[in-house]
S.K.: 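Structure incoming, see below.
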Amino acid sequence: MENTLLLSYLLLVPLVGAILLLFFPKKSENGVKYFGLLISVVTFVISLIVYGKFDSSSAAFQLVDKFVWIENLNISYVVGIDGISMLLILLTTFLTPLTLFSTWNTIKHKVKEFTFFMLLLEVGMLGVFVSLDLFLFYIFWEAMLIPMYFIIGVWGGKRRIYASVKFFIYTMAGSLLMLVAIIWLAVYASEPLGVFTTNLLELYNVGPTVPHQIQNYMFLAFALSFAIKVPLFPLHTWLPDAHVEAPTAGSVILAGVLLKMGTYGLVRFCLPLFPQAAISFAPLFSVLAVVGIIYGALVAMVQKDMKKLVAYSSVSHLGFVVLGIFALTTESMQGAVIQMVNHGLSTGALFLLVGFIYDRTHTREIADYGGIAKIVPIYSTALLIASLSSIGLPGLNGFVGEFFILLGAFQSNVLNNWLYTVFAASGVIFAAVYMLWMYQRVVFGPVKHDRLNSLKDMTASEIAIMVPIFVFIVWIGIYPSTFLSMTEVASNSIVKTVLSVSVNVIK
Amino acid sequence: MDITVQDYLNILPLIIVAAGILISVIIEMYSKDSERILPWFSIIIFFSAGYYALFTVNSQTIAFYNMISTGGTSNIFFFLFCFGGAIVTLLSVDYLKKAGIYYGEYYIMLQSAVLGMMLMANARDLVMIFIGLEQMSVSFYVLAGFNRKKHLSNEASLKYFLLGAFATGFVVYGMALIYGTVGSMSIDVIISKISVVSSNPIFIIGSLLFLIGFSFKIAAFPFHMWVPDVYQGSPTTVSAIMSTGGKAAAFSALFIAFTPYFNSVDYKIFQPFISVIAVLSMLFGSIVAISQTDIKRMLAYSSISHAGYMLIGLASGLSLGTSGVIFYLAAYTFMNLGAFGIVSMLEGENDSKLKIEDYKNLGKSYPLLAGLLSIFMFALSGLPPFGGFFGKYYVFISAVESGMTWLAIVGVVSSVISVYFYLRLIVVMYFKDGDEIQSHSVSNSALLGVVISALIIILMGVFPGSIIELISTFVA
């Protein structure tokens, strides 16, 4: 098959853009901003072209580019996408220009470095979603830590050092064990395949034949790394710290895309590579997911800081995604993928909105607000839409994902217990409680503080950032088929592979 | 088997460096400007020797009555030592002025040390290893105490000398026992008799003593005691070459001596020893480095833990491990040279500005240096896409292939620990508040050396293919 190079351009454009940025003179801050935005918009356009060429009716990996990279160790640069990665690529390229635009006035020092790291981060995230070689994937996965570490550490809040180091070491601890597992798998596979290779497509054939006991270890080594990233309860403690300390743009990307790399990893690597282990661990991970849903919601309820509240709500929402993945039905898998995007949009929107008001008042304490509905009507409306989308109100995006996940979990043969669904569904109710309560305390009631009276409503550029996100929130809510059709075949094929392979082996 | 002209051509890199030393001595004697001429002269020597070695890498021969093997891995090491030596020379030019040791002899000793390393790397006989070892070590003893007006430097020199002599004793004793069982010091004879002698306890004890002796030189736990003090007390540029070239040369000697056993069943006897040393070095180095406040001591402990990672490759007993370690050594050489190089550039007078806290806000006052130092720190901590990551990946593969997955797991645990102290430097440089502007005059030649090292590290991470191919062609 011939290389189309489209996906490679998708990676190259932000990378080259980032390198070119380094040569900009320090003083031309506006030039840097425009250039960064331009690059990220071009990347978005390329991803649209990719979408145009993408055939959602095929389960195979498409637009594959392959180049030999390190001949002696048989490592190739292989990239390609299926429906799941397609959707996540679009999410990434969509959110990056918006976050860059949102920092236009708020990042005041080291603009050049900030834009540089944001573009590098985009390369890393896109690389994770397109890699079809475990080694290549690992490089993107780890390399992406560096820009995020700097974004939190340099532009973050008061406890940024603690938060950034914690983020880095947590993630690295998980992923290095995965590295050993990757090597082990490649060494094991070198016997049946005849060569040492880390090519994912070839390893897909070998992974399921690994003895069950060892498969369990491999699965855990991979899953630990992904579970930390998701983050799955009880590995979530780095997340609130990182979110609270990161600048708004960092939080948006962190919640919007970075966390999805964990769930994406589970779908792309853990399940198809180790299907038997995946099925034996499905109950455990589902229980952790449900615990995460409820725990995250309960902790979110008592938060005094808006950003922390949104951060804990992430733990809860991603619990749904993990439940959907391990329920192993086509519906739940599709729901999980759609929920990844939903969470990216709604939580991204919430972080942006919290960021907007923080820039004005320099406080995120819920108690410092109250009665701003009349003072800033547009802002209040925007916050309402984002909150309702996060809660999962029918007609908005959140509902679709959660509904599919709960439906799938209920029908699941692997879990085979309706209690999962019952407990998970209670999370939806809790979400309504903490979100609406927060909304009520911030927006309604009497105006508590005099200085709130001088609060300015959203500016035109802020509205311009929110509108595209809201368009998609409503679009997914009302007509989800556009997106579901993209992932249907891919989700179905992954679920089928896992179930059939494990059934065959058990026989 | 007479000595032919071709033999002399094959060892031309050695001849170039040896002649360079002699000419340097003459320049030093007769020229008043020797301090200014010698650095550039030695760079020319290093470059011509290094590049000649690289171009003749394919002509593999064994010459001079089976004493020396040329071409192949020897020449790869030649290139590494000479290139490293050239970078250290670039770093030294302005550093020596600053440190008040602006003497031409420094460059002569540096060349002499590099010659010793080269002799070790191309040895085909235990005696040659010994000669090379002594040539290198004696030069280092002198260089460590080069700043003779300072107590720390004197202490470093004396400590290194006493412990180094002790270690040499182990090596010689080991060689004697090996000779006693094999009846020859020649590696070729050892290879031919390996199946007969490899289960002989005296032979095994001899090899273990040899291993212990060289564990001193590669700075592995528990033979590391001298490392922090010597790296701290020596002039910074000397620490740079000791921690890189010195370690690489010692590893080359270990591989020359141990590769013959790789395929024998009795290598299983060595594996536990080497593995234990590797594990202890990795963990000890990483953990103790966390509590260091002096940057040179921190790098010293980091160097101990890197010796551990490399020993994994030796423990695996596979040619894959050997190529992995050579790649690792190459990457490590440039990242450590770069790190020490930047330390030497920022060092103030009288050993000041060597605390980690002194690097506060370097990101503001010297963005370029801070950026480069960050690259070296990320590379040392084994993060992609830098050369250090690939080195680790390579030796971990060899561990898994040889059925010692647990060793790779200890390796990654230690890597996670080590991330903490490498990152701390970055935290200090970038994340702290305040606007302390430091004033240094940055040396251009040193900057050149550091930038070259950084470029090599990035290239080795992004395009490791051709280097791996070069190494693995000759190792197999």
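Protein chains get the first letters and strands the later ones, always in sequence-line order, with residue 1 at the start of each. All values derive from a computational prediction rather than experimental measurement.
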S.K.: Under 4.5 Å from any heavy atom of chain A, what part of Val462(B) do you find: side chain, backbone, both or neither?
M.R.: backbone

S.K.: Indicate yes or no: at least one non-hydrogen side-chain atom of Tyr162(A) is less than 4.5 angstrom from one of Val427(B).
M.R.: no

S.K.: I would like to know whether Ile70(A) and Glu469(B) meet side-chain contact (heavy atoms from CB on, under 4.5 Å); could you show each step before the answer?
M.R.: CA-CA 9 Å; Ile70(A) 304 166; Glu469(B) 200 176 325; over 6 Å; no

S.K.: Report the distance from atom CD1 of Ile139(A) to atom CZ of Phe390(B), rounding to the nearest 0.5 Å.
M.R.: 7.5 Å

S.K.: Counting C-beta onward and ignoring hydrogens, is there a side-chain heavy-atom pair between Tyr430(B) and Ile161(A) closer than 4.5 Å?
M.R.: no

S.K.: Would you mind reporting whether Pro464(B) and Trp69(A) have side-chain heavy atoms less than 4.5 Å apart?
M.R.: yes

S.K.: Would Tyr393(B) and Ile75(A) count as a side-chain contact (heavy atoms from CB on, under 4.5 Å) if you check the C-alpha gap in whole Å, the side-chain angles of each, and the deciding distance to 0.1 Å?
M.R.: CA-CA 12 Å; Tyr393(B) 179 73; Ile75(A) 294 170; 4.0 Å; yes

S.K.: Show, in sequence, the C-alpha distance, side-chain angles and deciding distance for Trp406(B) and Val180(A), and conclude whether the side-chain contact (heavy atoms from CB on, under 4.5 Å) test is met.
M.R.: CA-CA 9 Å; Trp406(B) 65 275; Val180(A) 179; over 6 Å; no

S.K.: Considering only heavy atoms and a distance below 4.5 Å, find which of Val413(B), Ile426(B), Ile417(B) pairs most often with chain A.
M.R.: Ile426(B)

S.K.: Quick check for you: to the nearest 0.5 Å, what is the distance between Met144(A) atom CE and Leu383(B) atom CG?
M.R.: 10.0 Å

S.K.: Run the ring-centre check on Phe389(B) versus Phe135(A) and record whether the distance is less than 6.0 Å.
M.R.: yes

S.K.: Could you give the distance from CD (Glu142(A)) to OG (Ser381(B)), rounded to the nearest 0.5 Å?
M.R.: 9.0 Å

S.K.: For the residue pair Tyr420(B) and Phe168(A), is the inter-centroid distance of their aromatic rings smaller than 6.0 Å?
M.R.: no

S.K.: Please assess Ile397(B) against Trp184(A) for the test side-chain contact (heavy atoms from CB on, under 4.5 Å), listing each intermediate value before the final yes or no.
M.R.: CA-CA 8 Å; Ile397(B) 292 179; Trp184(A) 194 94; over 6 Å; no

S.K.: Only counting residues at least two apart or in another chain, list the ones meeting salt bridge (charged side-chain N to carboxylate O under 4.0 Å, His left out) with Lys110(A).
M.R.: none

